[in-house]
Structures are given as C-alpha cells and as structure tokens.
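Notes follow the structure.
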2 protein chains.
Amino acid sequence: MSINLTRQALYLQVYDSLAQRIASGMWKPGPPIPNEVDLAREFGVSPGTLRKALDLLEERRLVERRQGRGTFVLDHATEELTFRFVNVFDANDERIVSTQTTVLSQGIGEATQVECNQLEAAKGEKVLRTRRVRDHRGRPISYEEASITVGRLSGLEREPNPPSDYLIVPFAQQHGIRLGRATEKITHLSASSEVARLLRVKRGTQLLKLDRVVYSISGEPVEWRIALCNLAGGYYVAAMR
Amino acid sequence: MSINLTRQALYLQVYDSLAQRIASGMWKPGPPIPNEVDLAREFGVSPGTLRKALDLLEERRLVERRQGRGTFVLDHATEELTFRFVNVFDANDERIVSTQTTVLSQGIGEATQVECNQLEAAKGEKVLRTRRVRDHRGRPISYEEASITVGRLSGLEREPNPPSDYLIVPFAQQHGIRLGRATEKITHLSASSEVARLLRVKRGTQLLKLDRVVYSISGEPVEWRIALCNLAGGYYVAAMR
DNA sequence: GCGAATTTGTGCGTATGTATT
DNA sequence: TAATACATACGCACAAATTCG
C-alpha cells in the first residue's frame, strides 16, 4: 500500500463501509452479499484485507459466512438473536420469551438526570418510555420500565405510534441499529403493593430486580430498562468469559 | 503446503503446540516468547499461519501481544483475570474480592451423582470439596460449597494439603490449566438458621444463590460452586454479548 | 535527542483445499 | 461433474511501536 495518512487501518475502513451498507438496508437478510473477490476488487483492496473486515463483521454478528455458499446479512429478528439479552429461565429450563405484554403507559419526554446518566444522553434529549407487564405461559412474570433514546433509532422520532410491545433487538434493527452488548445489574427486593397487584403475587414477595442497559454495536446505549421479575422457581443465567 | 491428511487446520495444530508449551510451564509469564519469524521457522509454517495461531492464543487469554515489544504469556494470578468470574459488587461499586476466608471443612471423595452431572465427570471420579465463609471488609459475605475435579488439575492428586483458601483461577493455573469461561445460575432464597448464623444475619434474610460452573479453555468443567451471598446493598453484574 | 535494531501490525498477491449447489 | 464461494496457507514488503546505544 501507499502511505497511510488516515488514522484508521484499511480493513477497519472497509469494515465501516460494509457495516454502513447493512445499516442503511442496502444489503438485507436473504440473498448473499457479493463474494469476497468482487468486493475486494470494488474496494481496491487485497482479498486478505477484505477478509479481515468480514471477520470483524462476523464477530459482531452483522453477517454469517458459510463456506461454499456465501456471506449473509444476519437477521436479528430470529429467536436466537432477539432473546440473547434475556437470561431468565422458568423452572422447566425454558427461556422466558414473553408472548404477551400488557402496556400500562407509553410516551415521549425529555430525559431525566438518571436517564441521561444511564443512556449517556445529553440534557434535553428525547426518550421513549414504556411501562408494561410481561406474561409467560399465562402468568404475569415481570413489570418493566424502559427508556429508549429516540435520537439513536433512525426514523423513530417521526413515528406517530411506536409499538408498545416492541422487543428491543428487532426493534433496533428496524431502525438501522444492531445491538452489540448489554450489562445487567441484579438485586432482589420485596414487591410493593402496586407491583404485587400487577404481578398477582402477595405484597412482600421476593422479586429479582434487573437493571439493564443495551448498547449498539458502535457502543452507544440504546435502551435502559428496569424489570421486576417473579422468578417463581426459575432462575437467571449469567455467562462469563 | 502439501496434502492435508490431518483433520485439523495447520494453524490449529500450531495453536495446540504453543498452548502446550504454556500449560507445561516451558514458557512462563515474564520474558517474551520467541518472535513470530523464529517461531514460524521452527514450526515450518508461514508467518501468516503462525500469526493466526497467536491470534487464537490471544483471544483465549493465553498470551498478550505488544507491538514493538513481543508476545508475553499472561499471568492469571493478576486481579483482573483472577476475579473475572466474580460478579458481585458492594454498595460502593467495589468488586467483592474476598480478603479473608474461614474454612469449615475440606476433603476428597468420590463424586456424587449431582457432581458428576455438573462436572461432566465419570462415576467414581475424585473431587476436592471445600466449604467456607468469605469475608469482605470485615463482614461475612458468602457461604460456599465448592467441588473441584481432582483429575483435571495436574499434580493435585499428589498434594497432601491443598490450600483451603484457594482462588480457582490462579489455583488452576498453578496446575497447568487456564480457565476459559463460566456460567452461573442465580436465584434468591431465605437464609436457613445454619447459614444465617455463619453469615451473622437474621434467619430468613434474603440471599442470592449463585450456582456456578467454571470451565477450562479446552472446555472441561473444573469447579462447581454454590455460593449463598448476602448482597447487603450490593448487586450482581452480568455482561452479555 | 536521535537513529538503528527489534518486534508486532497491516497489506498485497497468489495458490490450493473444501463445502455447497 | 463443474462452477462457485469461503477457508487455509504461503511469502514478501512495509508501517508502527518500542527499546537501546
């Protein structure tokens, strides 16, 4: 290569370009993206450099590569990817994938101080707040309060009626954002009378409190959520590396 | 390269050789290992292939590479690596790194049915069991029951007095094993009178139950541990990708 | 303070292996 | 079987970081 005046390695620049094509919807799940040789030629880089960019796309779950078939944009609306930030399992070792939700309230407002901290948002930024109760196998399982940074989901600002039963992973994907990681703080507490009523348990029942922030692949916080969860014989699973 | 009669890719074979040198203690933390060109020559592979093997060693935290300096074997006895499977923080956001432990009992025996399941051990395999109470800032913070597969830690069988206050990560390293990942199941429960006494809390106090299995880099379970933890204003943190 | 030597990081180009269609 | 696409491997050149005289 010639002299590198740019701050970024070439394969990282290629990564950005490819990621942009996926975020913009130019490449969608379904058909394979162009093959490596063609892409390398198009970007004017060597096949090895392009492969390194694809390695990164794969690691960040933007694409999936299959030898002999091609490279495919991943659909984050699959069960595997959608529920990967949901670590609660019921007593039968089944992941709690809420089928039904009851929305208590929803609205857009300016971020509070706490929301600004959790979401790394500037003062005055808009957030979409949703309060709901999730059911699992016909039983209310959790009460949730979630806040989403409106500005980071492209097009959300202009949506008249955002879905109140959204699941954050596919919801973000629909707005050009793939999620990369999340952290969750876990404590336990006693159900207040209000929450007890919503979850149909006795007041004082012990619940798990899950305080979660979900980040985009590029590292921005997208959703902050607090869930009060009635484990009822189930458990939470954490995986560490 | 010539025909590939082996099942494994060349860079994976090289990885195994390098990993073996670290496990055996031939290469230790401290001085850098030989440079990439020399290693490639020694193994009779191209620099690119050797680099791919090193990439894997780095990803699995066996080595650390620094441009201009060299490649170094990682010491898992550092705080960062030792406590990476400890996700409990106190009310001041400080990780709970137990300074003091009181051992209640320790001994070697044949694995029970449950231990065989958790540790993927054969019937009759030996396990080292330790019961202890951990302190944090002068307060008892958790009661633990741990079982270790004796056969998977080299030399442990012949140790007359295994340390009762071991920390699993450096302890495994001392026996030629680096740990790769862990999973932890979390529930809450009320303290029994016995546990309440040990943790100096009232009977019935809510505790977090942490049921953890730690795996070696090669994927074998090494330790199964149950901890009953008095959060006392603290919290558990899970990170997801 | 500077330049040479050393070591890893990035990039190029090519050939061949292997899985899929 | 043939064509296609990703996977592995080779070898070389130069960039960037670090160390040391």
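A quick note: this is a predicted structure, and the numbers were derived from the prediction, not measured.
The phosphate of dC6(D) has OP1 or OP2 within less than 4.0 Å of a side-chain N or O from Thr71(A). At dT10(C), none of the side-chain N or O atoms of Thr49(A) fall inside 4.0 Å of OP1 or OP2 (strictly under the cut-off). Contact between the side-chain N/O atoms of Arg65(B) and the OP1/OP2 oxygens of dG9(C) is found at a separation under 4.0 Å. Checking the phosphate oxygens (OP1, OP2) of dG11(C), no side-chain nitrogen or oxygen of Lys52(A) falls inside 4.0 Å. Regarding contacts with the backbone of dT19(D), a side-chain N or O of Arg69(B) is found under 4.0 angstrom from either OP1 or OP2.
Proximity of a side-chain donor or acceptor of Glu223(B) to a complementary backbone N or O of Thr149(B) within less than 3.5 Å is not detected. Between the side chain of Arg212(A) and the backbone N or O of Phe85(A) there is at least one donor-acceptor pair closer than 3.5 Å. Side-chain atoms of Arg84(B) come within 3.5 Å of backbone N or O of Leu81(B) as a donor-acceptor pair. In terms of modelled atom types and a separation under 3.5 Å, the side chain of Gln173(B) and the main chain of His76(B) share a donor-acceptor contact.
For Ser46(A), the side-chain atoms get nearest to dG11(C) when compared with the rest of dA7(D), dG11(D), dG11(C). For Asn35(A), taking side-chain heavy atoms from C-beta onward, the closest of the listed nucleotides dC6(D), dA16(D), dG11(D) is dC6(D). Ranking dA15(D), dA7(D), dC12(C) by closeness to the Leu10(A) side chain, first place goes to dC12(C).
Residue contacts shown for Arg66(A) are limited to sugar-phosphate atoms, with no base heavy atom under 4.0 Å away. Among the heavy atoms of the strands, none lies under 4.0 Å from Val37(A). Using a 4.0 Å heavy-atom distance criterion, Gly48(B) is classed as making no nucleic acid contact. Residue Pro47(A) is in base contact, counting any heavy-atom pair closer than 4.0 Å across all strands shown.
Nucleotide dC10(D) holds its C1' atom 15 Å from the CZ atom of Arg51(B), rounded to whole Å. Look at CD on Gln67(A): it is 17 Å from P on dT16(C), rounded to the nearest Å. Note: CG (Leu12(B)) to C1' (dA7(D)) measures 11 Å, nearest angstrom. Spacing between atom CD1 of Ile33(A) and atom C1' of dT4(D) amounts to 15 Å, rounded to whole angstrom units. As a whole-Å value, the separation of Leu50(A) CG from dA7(D) C1' is 14 Å. We find that CG of Leu57(A) is positioned 15 Å from C1' of dC6(D), with the value rounded to whole Å. Computed from coordinates, the Phe43(B) CZ to dA9(D) C1' distance equals 16 Å when rounded to whole Å. Note: CD (Glu64(B)) to P (dT7(C)) measures 17 Å, nearest angstrom.
Inspection of the His136(A) and Gln100(A) side chains reveals no N or O donor paired with an N or O acceptor under 3.5 Å.
Of the two residues near DNA chain C, Asp55(B) and Val45(A), the one whose nearest nucleotide lies more 5' is Asp55(B).
Taking the centre and axis of the six-membered ring of Phe72(A), the NZ or CZ atom of Arg66(A) falls inside the cone set by 45° and 6.0 Å.
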